[in-house]
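Only one structure is covered here, and it is reproduced in the block below.
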Amino acid sequence: MQTILIEDNEKLFRLYSINLNTYAGTDVIDRKSAREAIELLNILPNIDLIITRNKIKEENTAEDIINFLSSKNIDIPVIVLGENKNIEEQAIIFTEPVAWETVIKKSAQVLGISLEDLKKKIRPEYVPINIRFFYDISEVPCDIYIRIKQGIGEYQFIKRIHSKDAFAKDLIEKYEEQGLHDLYVASDYQQYFVTFVTNQIIQKLEDDDLETNERISTTANAYGIVNDQLAKIGFDESIVQLSDSAINSMSKMIKEKSDLGNLLKMLFSSKISYAYQRAHLRAVLGNFILSKQNWYEKTLVDLMSFASFFADITLKSEAQHKIHSRDDLEKYNLSEDEKNTVIYHAKNAANILKSHPQFSDYLEMIMLQQHGRKDGIGFDNDPPEDLFPVSKVFIIADHFVYLMLDPNVPKVKKDVLDTLLEAYSGESYHKLIKTLEFKIE
Ligand SMILES: [Fe+2]
């Protein structure tokens, strides 16, 4: 379904647009005037609904639209915001001020969505919980359901794990093998459940005796949960705590230097997400390069881990994570939205982190400059010399890891380093690349 929304107030536009999409399930097309809307209607007459302000600046927007529709004999319902007696018969008119809920409700009705459906959507009884939330727990604090489809838009929820019950890991694996991505909890229990899981994971990560392989998989899981929750609710206290303990866990593994070669082997072979593998490996390699610089300080381990953990946190799919240049953008079948998320991910990471208590100017620079651009938009694969030195280390470590994780790149270190030397023209980058010639042990 498609709705044209003509509203020049940006804030109101966003409010209507989000709610139309969420509650009435319609895509919203943005037009700023009757003229623009008519241009579109000429090529796309199958629009389901038009919502328009009565007047925009000097233009009689609503009247122009109505006249156009009747001259072309096009039957599209029109909702008008603002009184206009001339078109009373041809449009649904709301005299202002009008509550946005009223407009959304009417729109949903016009689009054929019943009040019942709307109620269900506004406050769903059960909410989905990504299955990864269950990897590191062995009991649940509330009842857990699975959803079974009964008809179009109709579902039944069946209780599968009872509150306080212990369950075995293979139950979750079995669900996953069946292609289940989400389990469900009653919506009132959502926050309670998420906090329970994050606390369990934090406890596990803070246990010094946790074996390295297990630590890697639990930290990777924490990364996935942070990624998931940040997209839904942004930073709240439990997400700050969970990301802190995941980052500490990464740093801890890096600081236990005696095992570095072994750690790399484990990270390369571990069955964890590409995203986390890349983040952790570049923290390890970044720290290794840093440790060869004469300005190295121990505190940089934490900065590198922190930056590495969050750099790509707004990306979703594995394909998005594998994009490392402008050319790569076309390699995968991504929608325009998905491409934009990649193009802006550096800037978005910097923005998101502004609400994290450990935000700093250094961190902001690394986030923005992670792909060689100072503004955090797009990619510069031959970055300039005047970037922040730690950003340069980040860039080289990230590029090295990107190549090492690419199954099509030969794994001889010398060849990978030659590829890197060729890619960068700046002298300082060459110096950093050469530090990777040191034997890593
Ligand atoms: Fe990135």
Side-chain angles (χ1 to χ4, degrees), residues 219-220 222-224 226-228 230-231 235 243 246-247 250 267 272-287 289-290 303-332 334-354 356 359-360 362-384 387-406 409 416 419-420 423-424 429 432-433:
T219 315
Y223 178 90
V226 171
N227 177 288
D228 204 77
L230 268 184
F235 277 116
S243 52
I247 292 164
M250 252 164 75
L267 281 170
I272 45 176
S273 67
Y274 175 89
Y276 180 74
Q277 211 174 14
R278 176 99 166 258
H280 196 154
L281 279 165
R282 93 185 140 213
V284 175
L285 270 305
N287 187 61
I289 300 173
L290 283 171
L303 179 65
M304 186 51 82
S305 301
F306 197 99
S308 198
F309 188 89
F310 281 115
D312 301 326
I313 204 74
T314 59
L315 300 179
K316 285 282 157 211
S317 66
E318 185 165 323
Q320 285 179 320
H321 278 279
K322 285 184 173 165
I323 291 169
H324 192 258
S325 66
R326 198 155 274 281
D327 292 342
D328 281 353
L329 269 176
E330 302 307 324
K331 258 195 202 166
Y332 307 92
L334 297 185
S335 70
E336 284 309 305
D337 260 7
E338 289 169 321
K339 279 187 204 164
N340 277 331
T341 306
V342 175
I343 293 170
Y344 288 94
H345 82 275
K347 195 178 167 66
N348 289 342
N351 279 339
I352 270 192
L353 283 177
K354 283 188 181 141
H356 190 288
F359 182 74
S360 68
Y362 291 145
L363 191 68
E364 183 177 26
M365 273 191 283
I366 305 171
M367 287 300 96
L368 287 174
Q369 298 174 358
Q370 57 170 294
H371 290 285
R373 306 249 332 165
K374 287 181 197 149
D375 59 3
I377 302 170
F379 301 89
D380 183 348
N381 289 95
D382 187 11
L387 297 189
F388 177 48
V390 184
S391 306
K392 295 184 186 178
V393 173
F394 186 102
I395 289 169
I396 296 302
D398 186 45
H399 197 168
F400 181 76
V401 171
Y402 164 79
L403 293 171
M404 294 300 279
L405 287 175
D406 183 345
V409 170
V416 175
T419 308
L420 285 176
Y424 295 82
Y429 293 92
L432 295 176
I433 295 163

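All of these numbers come straight from a predicted model, not from anything done at the bench. Counting starts at 1 for both ligands and their atoms, in listed order.
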Please name the atom of H371, limited to N, O or S, that comes nearest to the Fe ion (ligand 1).
NE2

Measure centre to centre between the rings of F306 and H356, then say whether the value is under 6.0 Å.
yes

Y223/H280 aromatic ring centres below 6.0 Å:
no

By atom name, which N, O or S atom of D312 is the nearest to the Fe ion (ligand 1)?
OD1

Could you tell me whether the side chains of H324 and H371 share a donor-acceptor contact shorter than 3.5 Å?
no

If you check every N/O/S atom of H345, which is the one nearest the Fe ion (ligand 1)?
NE2

Does the structure place the NZ or CZ of K392 under 6.0 Å from the centre of the six-membered ring of Y429, at an angle of no more than 45° from the ring's axis?
yes

